Amino acid sequence: MNLKILKLENLLRCHAVFRQLHSLGQRRMLAQWSHVFSSAYPVWTAQPCVWPWQTDLVIGAALSQYRLLVTKKEERSQKPPLSSTKSKKEVEVWIGMTVEELARAMEKDIDCVFEALMNTDIDIDSLEAHSHLDEVWIKEVIKKTRMKLKWSKLKQDKVRENKDAVKRPQADPALLIPRSPVVTIMGHVDHGKTTLLDKLRKTQVAAMEAGGITQHIGAFLVSLPSGERITFLDTPGHAAFSAMRARGAQVTDIVILVVAADDGVMKQTVESIQHARDAQVPIVLAINKCDKAEADPEKVKKELLAYDVVCEDYGGDVQAVHISAVTGDNLMALAEATIALAEMLELKADPTGPVEGTVIESFTDKGRGPVTTAIIQRGTLRKGSILVAGKSWAKVRLMFDENGKPIQEAYPSMPVGIVGWRDLPSAGDEILEVESEGRARAVVDWRKYEQEQEKNKEDLKILEEKRKEHQEAHQKAREKYGTLHWKERSFLKYQEKKEQKLLKPKEKEERDSPVLPIIIKGDVDGSVEAIVDIMNTYDASHECELQLVHFGVGDVSENDVNLAETFHGVIYGFNVNAGNVIQKSAAKKGVKIKLHKIIYRLIEDVQEELSFRLPCTVEENPIGSLTSLKHHKDDISVIKSGMDCGLSLSEEKIEFKVGDEIICYEEKEVPGKTSWDPGF
């Protein structure tokens with residue numbers, strides 16, 4: 001029992017004893033007075049003022065209540081004392097978390113993070129909900145919100161299971177069977193590649209090509225009179241299609257290098273040699289246009305020596321065949337040379353097991369959806385097969401050959417059109433067959449996750465660079481204002497903020513440099529890739545900014561028109577259409593749609609549009625010399641050369657000196673012209 005309770009009980013007991021003694025004393029006195037006056041006077045007898053049993057009840061109740069209070073106080077005193085300040089909330093964070101993730105971990109609104117980062121070196125305007133924060137800014141937010149930091153290794157150490165699909169190990173040599181060679185025809189533009197293939201196929205491919213130029217890869221299976229079969233890839237020779245040529249070389253067994261006998265080695269000829277060399281693919285030289293009078297095949301062979309292409313005539317191992325694609329001369333000799341080289345290479349493949357292949361081209365068909373042209377490299381493709389390519393997958397609904405004829409199976413070295421893709425894969429993507437749709441989705445999800453992780457790393461790197469830039473700028477500002485009085489410093493900052501006020505939309509449009517936003521639509525993935533690659537060479541942003549708002553495969557859509565209207569841009573279509581409804585919608589919204597079938601015409605159009613947006617320059621063109629309007633005192637309209645004259649001007653501040661030349665000129669506005677040179 002608490003000492004205070006014992007003390008109180010003792011005091012109360014002492015008080016009770018005292019009251020009892022006092023009561024006994026009163027009784028004795030009353031008894032005496034009663035004895036003295038009982039005979040003479042009737043005396044009133046008073047009752048005792050305190051009853052012992054009542055006193056015990058009061059004392060007991062008081063002690064009970066006091067015990068209860070003291071017990072509760074003791075229980076509270078046994079608990080750990082509360083700190084004078086409220087305990088800080090612990091927040092679990094990790095490296096690279098986004099603004100949104102940090103706000104969620106803090107159980108705060110996203111604005112709380114932005115407020116905490118105000119008046120710091122970080123650029124608040126560039127931050128978004130999905131922006132990644134580095135360690136410095138995470139600590140800053142936690143500090144300003146008065147919370148406790150706890151680094152979590154869960155996000156960093158958690159490893160997601162790799163669900164990717166990969167190629168099978170190399171097959172048992174006993175399972176391999178001979179296959180047809182895959183041959184890519186390469187060379188400079190207009191050297192006769194497509195005409196050569198046209199003659200081999202006995203079709204009119206070249207006649208159907210816009211401007212006689214191959215716009216994307218064509219894959220064809222050609223059967224020779226001897227019964228041999230060759231898969232040919234016809235790649236574009238134009239400078240814009242370098243990526244396509246490289247892709248063609250990576251999936252081929254043999255390269256036929258076509259060089260015009262009357263033109264010799266050109267830029268794309270050298271590039272094609274390099275692609276073949278990078279892919280470690282042997283070359284067969286086809287010297288075309290030998291039927292022309294100015295043809296000089298020996299000159300071509302000598303020029304190729306400079307690029308380490310040594311023909312058999314000069315002691316090398318490169319077969320050279322003189323041909324004419326137009327007349328058909330020596331085409332069978334070229335085919336035989338190709339077959340002979342293929343036999344030396346002993347080309348074989350495994351036709352069993354899951355399919356492996358490569359996307360040669362991809363495009364969107366109105367009736368079929370996403371379609372790919374592919375080369376099968378292993379296994380046998382059949383209807384119903386589940387395929388993955390890049391970040392897309394397909395359940396094969398239809399297969400067709402280069403003539404559009406449906407086929408049931410596709411073997412190694414066969415070109416095939418595939419219908420059934422959920423999304424459009426990219427040209428060059430590897431095709432792999434998997435066992436189920438669920439497996440295909442898992443592969444695609446994993447690849448998207450990997451891409452996201454790579455992007456996060458890049459974002460963090462960029463964010464760190466920006467942080468360093470802001471820190472340097474902040475340090476310079478501190479050095480600039482460090483020696484100034486606070487009044488001077490405040491005034492200078494006020495002046496700077498005043499100058500940095502946002503301009504009105506009209507003023508901003510007038511003061512900023514001109515901008516050309518563009519939207520690109522193409523018939524196939526490779527064509528769009530080529531155009532985008534050319535746009536990436538743009539180097540005249542100081543004159544007019546070129547903004548690539550959107551690019552994609554397929555005809556011009558209403559969404560493209562809406563985007564162009566929003567950004568005040570121009571839509572460029574390559575080998576695509578824009579329906580009447582789309583044309584009318586674009587005209588109503590003031591959107592330009594420019595359709596082309598030849599790539600260099602499209603690029604020229606972009607150059608013209610860039611030039612149109614540049615301001616005109618003023619040129620001064622001299623138109624004569626003033627000799628005089630007066631002779632002596634006489635006003636005259638004409639004076640002969642060599643005679644003295646007088647000249648008066650309305651401008652009083654002009655002073656003439658001996659030897660000054662007076663020239664009459666006119667000012668003429670000349671339209672601006674972009675300095676961008678795409679290289680062709």
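Source: prediction; values computed, not measured.
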Original post:
Is it the case that more than 12 heavy atoms not belonging to Asp172 sit under 6.0 Å from its CG atom?
Top reply: yes

Original post:
When you check the gap from the basic side-chain N to the acidic O, do Asp429 and Arg447 get nearer than 4.0 Å?
Top reply: no

Original post:
Is there a donor-acceptor contact under 3.5 Å from the side chain of Asn577 to the main chain of Asp555?
Top reply: no

Original post:
Taking the side chain as C-beta and beyond, is there a heavy-atom pair between Val515 and Phe567 under 4.5 Å?
Top reply: no

Name the atoms and distances for all side-chain donor-acceptor pairs under 3.5 Å in residues 307-317, with sequence neighbours left out.
| unit_1 | atom_1 | unit_2 | atom_2 | d |
| --- | --- | --- | --- | --- |
| Asp313 | OD2 | Lys301 | NZ | 2.6 |
| Tyr314 | OH | Glu298 | OE1 | 3.1 |

Subject >> Criterion side-chain contact (heavy atoms from CB on, under 4.5 Å) on Thr231 and Asp253, from CA distance to verdict >> reply: CA-CA 10 Å; Thr231 296; Asp253 303 309; over 6 Å; no

**OP:** Test Thr338 against Phe232 for side-chain contact (heavy atoms from CB on, under 4.5 Å), laying out the working first.
**Re:** CA-CA 11 Å; Thr338 305; Phe232 282 104; 5.6 Å; no

Original post:
Hey, are the side chains of Asp525 and Glu361 touching, using non-hydrogen atoms and a 4.5 Å cut-off?
Top reply: yes

Original post:
Below 4.5 Å, heavy atoms only, C-beta onward: do Lys584 and Lys588 meet side chain to side chain?
Top reply: no

Subject >> Distance (rounded to the nearest 0.5 Å) between His188 NE2 and Glu271 CD >> reply: 10.5 Å

**OP:** Without swapping roles, check the side chain of Thr252 against the backbone of Val182 for a donor-acceptor pair under 3.5 Å.
**Re:** yes

**OP:** With sequence neighbours excluded, give me every side chain to side chain donor-acceptor pair (under 3.5 Å) pair touching residues 339-352.
**Re:** Asp350-Thr352

**OP:** Tell me, with the steps shown, if His191 and Asp263 meet side-chain hydrogen bond (donor to acceptor under 3.5 Å, both in side chains).
**Re:** CA-CA 8 Å; His191 275 202; Asp263 204 6; 3.0 Å; yes

Original post:
Do Asp401 and Val416 pass the side-chain contact (heavy atoms from CB on, under 4.5 Å) test, and can you show the C-alpha distance, the side-chain angles, and the key distance before you say yes or no?
Top reply: CA-CA 5 Å; Asp401 62 14; Val416 59; over 6 Å; no

Original post:
Would you say the side chain of Leu334 lies within less than 4.5 Å of the side chain of Leu196, judging by non-hydrogen atoms?
Top reply: yes

Original post:
Considering residues, nucleotides and ligands other than Gln408, do more than 12 of their heavy atoms fall under 6.0 Å from its CD?
Top reply: no

Original post:
Can you find a heavy atom in the side chain of Leu381 that is under 4.5 Å from one in the side chain of Ile431?
Top reply: no

**OP:** Report yes if the side chains of Met535 and Ile520 come closer than 4.5 Å at any heavy-atom pair, otherwise no.
**Re:** yes

Original post:
Should we count NZ of Lys594 as having more than 12 external heavy atoms under 6.0 Å?
Top reply: yes

**OP:** State, with a plain yes or no, whether a side-chain heavy atom of Ile534 is found less than 4.5 Å away from one of Ile599.
**Re:** yes

Original post:
Is the shortest heavy-atom distance from the side chain of Leu398 to the side chain of Pro406 under 4.5 Å?
Top reply: yes

Original post:
How would you list all residue pairs meeting ring pair (Phe, Tyr, Trp, His ring centres under 6.0 Å) that involve residues 529-565, not counting sequence neighbours?
Top reply: Tyr538-Trp676

Original post:
Side chains of Thr327 and Asp329: do they bring a donor and an acceptor to under 3.5 Å?
Top reply: yes

Original post:
Would you call Lys589-Glu558 a salt bridge at under 4.0 Å N-O?
Top reply: yes

Subject >> Option from Thr184, Ile283, Ile230, Val284 for which side chain to side chain contact (heavy atoms under 4.5 Å, CB included) with Ile254 holds >> reply: Val284

